[in-house]
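Keep in mind that what you see is a predicted model, and the values were worked out from it rather than measured. Both counts, for ligands and for their atoms, begin at 1 and track the order of listing.
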Amino acid sequence: MPQNPKRKILYPGSFDPLTLGHLDLIRRAACLFDKVYVGVLVNPHKKSLFSVEERVIMIRRTLADIPQAEVVCFEGLLIDFSHELGVTQILRGLRDASDFEAEIKVAQGLRVLDPSLETVFLGTDPKFSYLSSSMAREVASGGGDISAFVPADIASLVAEKYQKS
Ligand code: ADP
């Protein structure tokens with residue numbers, strides 16, 4: 001039986017690294033949708049801490065207990081990738097008003113390109129609304145403990161990266 005596209009959603013992002021805020025959003029989306037694709041964006045213009053391959057492996061391990069979640073990577077336009085996956089819904093998280101300002105423009109732009117593509121926003125749990133991947137990287141680069149920011153196994157991989165560099 002063909003899958004109903006209404007029950008699938010794509011959550012795109014850099015996830016460099018995945019934080020507890022991202023994880024909370026994925027768990028909540030998994031209660032709302034049959035399939036949550038976590039799309040790791042390949043951005044050759046952005047310097048990243050982890051390669052896309054490393055991120056995909058780390059995130060797969062972290063999401064192993066969420067059967068609805070599937071980790072994929074993509075390059076190029078979100079709109080093309082959503083067509084490839086057969087999804088008509090994009091998930092984005094909103095931490096605050098500045099996320100809203102940026103995200104609403106992207107969502108509106110997407111609607112111009114493809115009116116059948118809907119962006120679904122989930123408000124961040126207040127526990128994680130201050131949290132970003134860049135904050136986790138910044139603290140870890142100074143040798144700080146980031147176990148309150150990212151899942152435990154990811155915290156040790158981030159620390160290892162900075163020890164090596
Ligand atoms: P991007 O580089 O696309 O912003 P991120 O990995 O930083 O990628 O974020 C991906 C998505 O996750 C965005 O929709 C962002 O708003 C959301 N997000 C980022 N941090 C958090 C958080 N702490 N809690 C919930 N959602 C978040």
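- Taken to the nearest 0.5 Å, the CZ atom of R137 stands 11.0 Å off from the OG1 atom of T19.
- A salt bridge is defined here as a Lys NZ or Arg NE, NH1 or NH2 lying under 4.0 Å from an Asp or Glu carboxylate O, and D65 with R27 meets this definition.
- In this structure, the side-chain hydrogen bond (donor to acceptor under 3.5 Å, both in side chains) partners of E103, at least two apart in sequence or on a different chain, are R92.
- Screening residues 71-112 for ring pair (Phe, Tyr, Trp, His ring centres under 6.0 Å) gives F74-F81 as the qualifying pairs, with residues at least two apart or on separate chains.
- Protein residues having at least one heavy atom under 4.0 Å from any atom of ligand 1 are Y11, P12, G13, S14, F15, G21, H22, L25, K46, R92, G93, R95, D99, E103, T124, F128, L131, listed by chain and number.
- The ring pair (Phe, Tyr, Trp, His ring centres under 6.0 Å) test applied to F15 returns Y11, H22, not counting sequence neighbours.
- With a 4.5 Å cut-off on side-chain heavy atoms, L122 and L32 count as touching.
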